[in-house]
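Since this is a predicted model, take the numbers as computed values, not measurements.
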Amino acid sequence: MGEDVAKHEFTREDRTRYRTKVRRCLDVFARMLREARFDFERPMTGLEIEINLIDENCDPAMKNHEALDVIDDPDFVTELGQWNIEINVAPRRLAGGGITSFEETVRRSLNDAEEKARAVGAHMVINGILPTLRTQDISPGLLSGNPRYALLNEQVLAARGEDLQISIDGVERLHLTASSIVPEAACTSTQLHLQVSPEQFPAYWNAAQAIAGVQVAVGANSPFFLGKELWRETRIALFQQATDTRGDELKAQGVRPRVWFGERWINSIFDLFEENVRYFPALLPITDDEDPLAVLDKGDTPALSELKLHNGTIYRWNRPVYDVVRDRPHLRVENRVLPAGPTIVDTLANAALYFGLVRALAEDERPLWSQMSFQAAEENFNAASRNGMDAQMYWPGVGTVPVVELVLRRLLPLAHEGLIRWGVDSAERDRLLGVIEQRCLSGVNGATWQAREFHRHYDHTHMDRADALRTMLRTYVDLMHANEPVHTWPLT
């Protein structure tokens, strides 16, 4: 959601004032795009990783505030559930060892945080959904203490007017009624940020949408929720349903969901912000005193707080971001499709594939999205979420093929070329994209390893389901700390 918020009740006047202000912000944003006021000469990249906390028994540890107190590092912040925290890594350029710098920084920070958090009985694990979560762990009382989460919960449920219904049909089936958005906290992700110019933004966003299915297929790491094996990236379906403000009637009317793939390729970043304002009512109608037009007329940079807050409550899988740093505005594509984990080296391999592919595709003389329907990209995304490494995908000039074949034959060379254009050296490229190559050759990513390890215990011993999941997770955590890529992990 962005900034902390504390207001708990909204009047009709609040909502009217907010609608007027957010539209004024949109008008100012359009003028800023015309007048080229954005910082993009030295594009930066960013990384955020959401983390689960577990206890000695590998069950969720509801201790995020205690853990953050002892970690005492501003890079670590709260997340939605009491068993979640997040690390925000300082942005940097990819050239000159930037990807390796990300990896070293995150490993050092997580190792230090893990050592400190042990003092309060919490341990860190990075995966898409904590496999040992139980129904009692997603009750309304387990929201994080920050008031913004309680407020968001109230507004989502008020907009919906009834309890949330979560229904996922995968390897097994799950149906759950939830009286809060706490199930959303089960979804822990990796978010990649890429700063671009206004002119570049449409090509980079379109490219990110086109490869979202590929990212999910090779990076899937969320096969379990509440003890059941569901999709290979169950996090996608769970996040969509756990924040859905629409009842059945609104769905039938074609009202858009707030967790959204989108519905078309774009020609300008303005298209996305304009859709946000046109399609989605405010969840948090909070206004400030800034007059963005007056600020702009003085030659200063407006914060556009209402536009940013509204954007922060619409969860596109590739989200546009407007931000201001040192009085200079910039634009970013925020890529939100990937789960956390399994290791930091796997995370950075996923990042290398993403950054390389979007650069190569965005600069292609014949854009991929001129050869491929938006619906095909969305179907790829859904197939990848369900089937992971076993997904079949459509790609222009190739047709429908196994995703591992597509990556090995077509996309890895493109990713290498894109990373060269970013100035990433050959050793970094070969090491990280080599991880993706070996995943595809072995057919093993985080989701397949978790499922296989679970079944070795559950199907071939006397363990019950809960103990098999705990045993699997215990091994997962040990291997995660070793930071060897998941395709090399043994089955115990």
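With salt bridges taken as basic N to acidic carboxylate O contacts below 4.0 Å, one links Arg37 and Glu35. A salt bridge does not link Lys298 with Asp291: none of the charged nitrogens is closer than 4.0 Å to a carboxylate oxygen. Salt bridge status for Glu275 with Arg256: absent, with no side-chain N to carboxylate O gap under 4.0 Å. Salt bridge present: Asp112 and Lys116 bring a charged side-chain N and a carboxylate O closer than 4.0 Å. Ion pairing between Glu103 and Arg431 holds under the 4.0 Å rule for side-chain N and carboxylate O.
Under the 3.5 Å distance criterion, the side-chain polar atoms of Gln200 are matched with a main-chain donor or acceptor of Ser197. Proximity of a side-chain donor or acceptor of Glu114 to a complementary backbone N or O of His123 within less than 3.5 Å is not detected. Listed for the Trp265 side chain is a donor-acceptor partner under 3.5 Å among the backbone atoms of Met372. Between the side chain of Gln371 and the backbone N or O of Arg366 there is at least one donor-acceptor pair closer than 3.5 Å. Looking at Trp489, its side chain does come within 3.5 Å of a backbone N or O of Glu484 through a donor-acceptor pair. Here the side chain of Gln195 pairs a donor or acceptor atom with the backbone of Met44 at under 3.5 angstrom. The main-chain N or O of Arg107 is found under 3.5 Å from a side-chain atom of Asn111 such that the two form a donor-acceptor pair. The main-chain N or O of Gly81 is found under 3.5 Å from a side-chain atom of Asn64 such that the two form a donor-acceptor pair. A side-chain donor-acceptor contact under 3.5 Å links Asp425 to the backbone of Glu428. Counting only distance, with no hydrogens or angles, the side chain of Glu378 and the backbone of Glu263 share no donor-acceptor pair below 3.5 Å.
Val435 and His487 get closest at one heavy-atom pair: O-ND1, 3.9 Å. In plain terms, the two heavy atoms of Ile236 and Ser385 that are nearest each other are CG1-OG, 3.4 Å. The shortest heavy-atom contact between Leu238 and Pro183 is CD2-O, 3.7 Å. Nearest approach of Leu338 to Gly219, heavy atoms of both residues: CD2-CA, 4.5 Å. Between Trp395 and Ala210, the shortest heavy-atom contact is CZ3-O, 3.8 Å. The shortest heavy-atom contact between Tyr322 and Pro302 is OH-O, 2.6 Å.
Looking only at atom types and distance, the side chain of Gln215 has a donor-acceptor partner in the side chain of Asn335 under 3.5 Å away. Judged by distance alone, the side chains of Asp73 and Ser109 never bring a donor and an acceptor atom under 3.5 Å apart. One side chain, Arg439 or Asn350, offers a donor N or O that lies under 3.5 Å from an acceptor on the other. With 3.5 Å as the limit, one finds a donor-acceptor pair spanning the side chains of Glu233 and Ser222. At a cut-off of 3.5 Å, with distance as the only test, no side-chain donor of His330 or Arg328 sits close to an acceptor on the other residue. There is no side-chain donor-acceptor pair under 3.5 Å between Ser268 and Asp271. The closest side-chain donor-acceptor pair between Thr313 and Arg258 falls under 3.5 angstrom. Counted by atom type alone, Glu50 and Ser189 present one or more donor-acceptor pairs between their side chains at under 3.5 Å.
How far CH2 of Trp205 is from CG of Leu194: 14.5 Å, rounded to the nearest 0.5 Å. Between the OH atom in Tyr394 and the OG1 atom in Thr400 there is a gap of 7.5 Å [rounded to 0.5 Å]. For the atom pair Asn445 CG and Ile436 CD1, the distance stands at 9.5 Å (nearest 0.5 Å). Here the straight-line distance linking atom CD1 of Ile181 with atom CG of Leu143 works out to 6.0 Å at 0.5 Å rounding. One distance of note links CD of Gln438 with CG of Leu408; it measures 9.0 Å at 0.5 Å rounding. Glu379 CD to Gln392 CD: the interatomic distance, rounded to the nearest 0.5 Å, is 13.5 Å.
Around atom CZ of Arg264, more than 12 heavy atoms belonging to other residues, nucleotides or ligands sit under 6.0 Å away. The environment of Glu41 atom CD is dense: over 12 non-hydrogen atoms of other residues, nucleotides or ligands sit within 6.0 angstrom. The number of heavy-atom neighbours closer than 6.0 Å to CZ of Arg278, taken from other residues, nucleotides and ligands shown, is above 12. With a 6.0 Å radius and a threshold of 12 heavy atoms from other residues, nucleotides or ligands, Glu115 has its CD atom at or below the threshold.
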- Would you please test Asp323 and Lys308 for side-chain contact (heavy atoms from CB on, under 4.5 Å) and show each step? CA-CA 8 Å; Asp323 210 350; Lys308 288 173 59 180; 3.2 Å; yes
- Message: Using side-chain contact (heavy atoms from CB on, under 4.5 Å), reason through Val77 and Leu68 one step at a time and then give a plain yes or no.
- Response: CA-CA 7 Å; Val77 296; Leu68 289 172; 5.6 Å; no
- Task: List the steps, then state whether side-chain contact (heavy atoms from CB on, under 4.5 Å) holds for Phe224 with Thr234.
- Result: CA-CA 7 Å; Phe224 296 101; Thr234 304; over 6 Å; no
- Task: For side-chain contact (heavy atoms from CB on, under 4.5 Å), just list the numbers for Met389 and Val218, CA-CA rounded to whole Å, side-chain angles, deciding distance to a tenth of an Å, and then say yes or no.
- Result: CA-CA 6 Å; Met389 300 283 277; Val218 299; 4.3 Å; yes
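Between Trp422 and Tyr204, the ring planes lie tilted relative to each other; the angle falls in the 30° to 60° range.
Using a 4.5 Å heavy-atom cutoff, the side chains of Val125 and Tyr476 are in contact. Side-chain contact between Leu26 and Leu307 is present, with at least one heavy-atom pair separated by less than 4.5 Å. The closest side-chain heavy-atom distance from Asp244 to Val259 is not below 4.5 Å.
Figure legend: cation-pi geometry between Arg92 and Phe102, with NZ or CZ positioned under 6.0 Å from the six-membered ring centre and within 45° of its axis.
When each of Tyr315, Phe381, Trp317, Phe280 is paired with Trp260, the ring pair (Phe, Tyr, Trp, His ring centres under 6.0 Å) condition holds for Phe280 and for no other. For the pairing with Thr188, the side chain to side chain donor-acceptor pair (under 3.5 Å) check across Asn84, Asn221, Asn52 returns one residue only, Asn52.
Taking the six-membered ring wherever Trp is involved, the centroid distance between the rings of Phe374 and Trp369 does not fall below 6.0 Å.
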